[in-house]
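On a predicted model such as this, the values are computed, not experimentally measured, just so you know.
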Amino acid sequence: STITLYENNQVMEGYLVRYNIYHNELDVTTQNGERALESSRIKSFVLRDSQTNMFVNARDYNLDGVPFRGFLELLVDGPTPLFKFTYLIIKNPDYQPALNTGSRDTRILKDDKFFYANGKELHETKSKKKLLASFGEKGNEVEKFMKVNYVSASNQIGLTKIFTYYNSLQ
């Protein structure tokens with residue numbers, strides 16, 4: 001991995017890391033053992049495994065005027081970047097002893113939301129209609145692209161194609 005810190009844009013390379021979503025930190029394996037790096041110190045990091053994933057600190061962006069918290073995975077770079085935000089949902093046990101139904105275990109689920117940035121402001125990709133409206137005058141061209149290529153705005157693959165095309169128009 002490659003980690004860029006906010007302090008003097010210092011770069012750390014070649015460490016094994018694991019992104020801890022729950023605690024919002026990076027677990028870094030060094031020669032002296034494993035250490036946790038707080039997200040407030042990390043500007044960005046790149047994971048290099050079977051595919052290369054770049055993550056940027058979300059504190060540089062605002063959602064509804066409030067600084068966002070966590071890391072955003074960069075899916076499409078360009079004038080209007082596309083990000084994926086992964087978060088956890090914790091489901092508490094719902095076991096009913098009288099009926100002997102439900103689950104006794106706490107379940108931890110991962111889910112994703114997709115955002116695009118205009119400057120430093122994040123916007124969630126909630127619906128196709130709102131997404132096309134946000135593209136302004138290029139919305140009609142993007143809509144034609146979606147129809148011709150059978151691209152859906154409801155999944156990561158489709159959104160990646162849409163934003164790659166939209167950024168090529170600018």
Side-chain angles (χ1 to χ4, degrees), residues 1-97 100-126 131 152-164 166-167:
S1 68
T2 302
I3 304 167
T4 306
L5 302 176
Y6 278 110
E7 303 164 14
N8 303 324
N9 282 330
Q10 180 183 358
V11 176
M12 300 168 42
E13 291 188 84
Y15 291 98
L16 294 174
V17 299
R18 180 177 50 215
Y19 174 37
N20 186 331
I21 299 170
Y22 184 74
H23 292 290
N24 192 29
E25 63 189 15
L26 275 185
D27 297 330
V28 181
T29 303
T30 64
Q31 294 172 347
N32 301 331
E34 192 170 294
R35 297 184 180 208
L37 265 177
E38 297 176 12
S39 65
S40 62
R41 297 184 60 204
I42 303 167
K43 185 174 187 177
S44 66
F45 65 94
V46 177
L47 298 178
R48 292 187 185 97
D49 50 6
S50 61
Q51 59 185 24
T52 301
N53 300 342
M54 180 174 185
F55 294 82
V56 295
N57 198 324
R59 81 175 193 184
D60 295 333
Y61 295 94
N62 296 323
L63 182 64
D64 299 327
V66 178
F68 204 61
R69 185 176 183 273
F71 287 99
L72 300 167
E73 183 179 354
L74 181 64
L75 298 176
V76 177
D77 197 7
T80 307
L82 176 66
F83 298 106
K84 178 171 78 171
F85 178 68
T86 303
Y87 61 97
L88 298 177
I89 301 170
I90 299 174
K91 297 255 184 184
N92 292 321
D94 58 355
Y95 180 69
Q96 299 293 325
N100 196 26
T101 60
S103 173
R104 295 177 190 220
D105 301 323
T106 299
R107 294 185 303 158
I108 301 173
L109 308 170
K110 285 193 324 186
D111 202 2
D112 300 321
K113 287 186 180 182
F114 297 95
F115 296 94
Y116 62 95
N118 282 335
K120 294 294 180 185
E121 188 67 31
L122 289 175
H123 305 279
E124 189 174 355
T125 59
K126 291 185 179 180
L131 182 62
S152 172
S154 62
N155 59 41
Q156 179 176 335
I157 295 169
L159 285 170
T160 302
K161 289 178 182 179
I162 291 167
F163 276 86
T164 301
Y166 175 67
N167 285 328

Smallest heavy-atom separation, P93 atom then T106 atom, equals CD-OG1, 3.4 Å
Does E13 offer a backbone N or O that forms a donor-acceptor pair with the side chain of T2 under 3.5 Å? no
Nearest heavy-atom neighbours spanning L122 and A117: CD2-CB, 4.1 Å
Could you give the distance from CZ (R18) to CG (L26), rounded to the nearest 0.5 Å? 10.5 Å
Find the distance between CD1 (I157) and CG (L75) and round it off to the nearest 0.5 Å. 11.0 Å
Just so I know, are the side chains of D112 and K110 near enough to count as touching, which here means a heavy-atom distance under 4.5 Å? no
Check: E73 side chain, M54 main-chain N or O, donor-acceptor pair, under 3.5 Å: no
To the nearest 0.5 angstrom, please state how far the CG atom of L109 sits from the CD1 atom of I90. 9.5 Å
Check: Q10 main-chain N/O paired with N8 side-chain donor or acceptor under 3.5 Å: no
Pairwise side-chain contact, F71 with N57, heavy-atom cut-off 4.5 Å (strictly under): yes
Out of curiosity, L74 CG to S44 OG, how far, rounded to the nearest 0.5 Å? 10.0 Å
Could you give me the CA-CA distance, side-chain angles and deciding distance for I42 and T4, then say whether side chain to side chain contact (heavy atoms under 4.5 Å, CB included) is met? CA-CA 6 Å; I42 303 167; T4 306; over 6 Å; no
Residues E34 and D27: closest non-hydrogen pair is OE2-CB, 3.6 Å
Is the number of heavy atoms from other residues, nucleotides or ligands within 6.0 Å of OH (Y61) greater than 12? yes
Heavy-atom donor-acceptor pair, D111 side chain to Y87 backbone, under 3.5 Å: no
Within 45° cone and under 6.0 Å: K84 NZ/CZ vs F114 ring: no
Can you tell if the side chain of V56 reaches within under 4.5 Å of the side chain of F83, non-hydrogen atoms only? yes
Without swapping roles, check the side chain of N167 against the backbone of T80 for a donor-acceptor pair under 3.5 Å. yes
Using modelled atom types only, decide if a donor and an acceptor are shared between the side chain of R35 and the backbone of T30 within a distance under 3.5 Å. no
Heavy-atom closest contact (L88 atom, I21 atom, distance): CG-CG2, 3.8 Å
Closest non-hydrogen atom pair between S39 and N24, with its separation: OG-ND2, 3.0 Å
Determine whether a donor-acceptor pair (N or O, by modelled atom type, separation under 3.5 Å) exists between the side chain of N155 and the backbone of G158. yes
Please report the interatomic distance CE(M12) to CG(L5), rounded to the nearest 0.5 Å. 6.0 Å
Nearest heavy-atom approach of S40 to R59 is O-NH1, 3.1 Å
If you define the side chain from C-beta out and look only at heavy atoms, does anything of V17 sit under 4.5 Å from L37? no
Rounded to the nearest 0.5 Å, what separates atom CD in Q156 from atom OG1 in T125? 10.5 Å
Assess whether side chain to side chain contact (heavy atoms under 4.5 Å, CB included) is satisfied between L159 and L131, documenting all intermediate values. CA-CA 10 Å; L159 285 170; L131 182 62; 3.9 Å; yes
When you measure from the side chain of N20 to the backbone N and O of E25, does any donor-acceptor pair fall under 3.5 Å? no
Got a sec, which residues hit ring pair (Phe, Tyr, Trp, His ring centres under 6.0 Å) with F68, two or more places apart in sequence or on another chain? F85, F115
Which class fits the ring pair Y19 and F55: parallel under 30°, tilted 30 to 60°, perpendicular over 60°? tilted
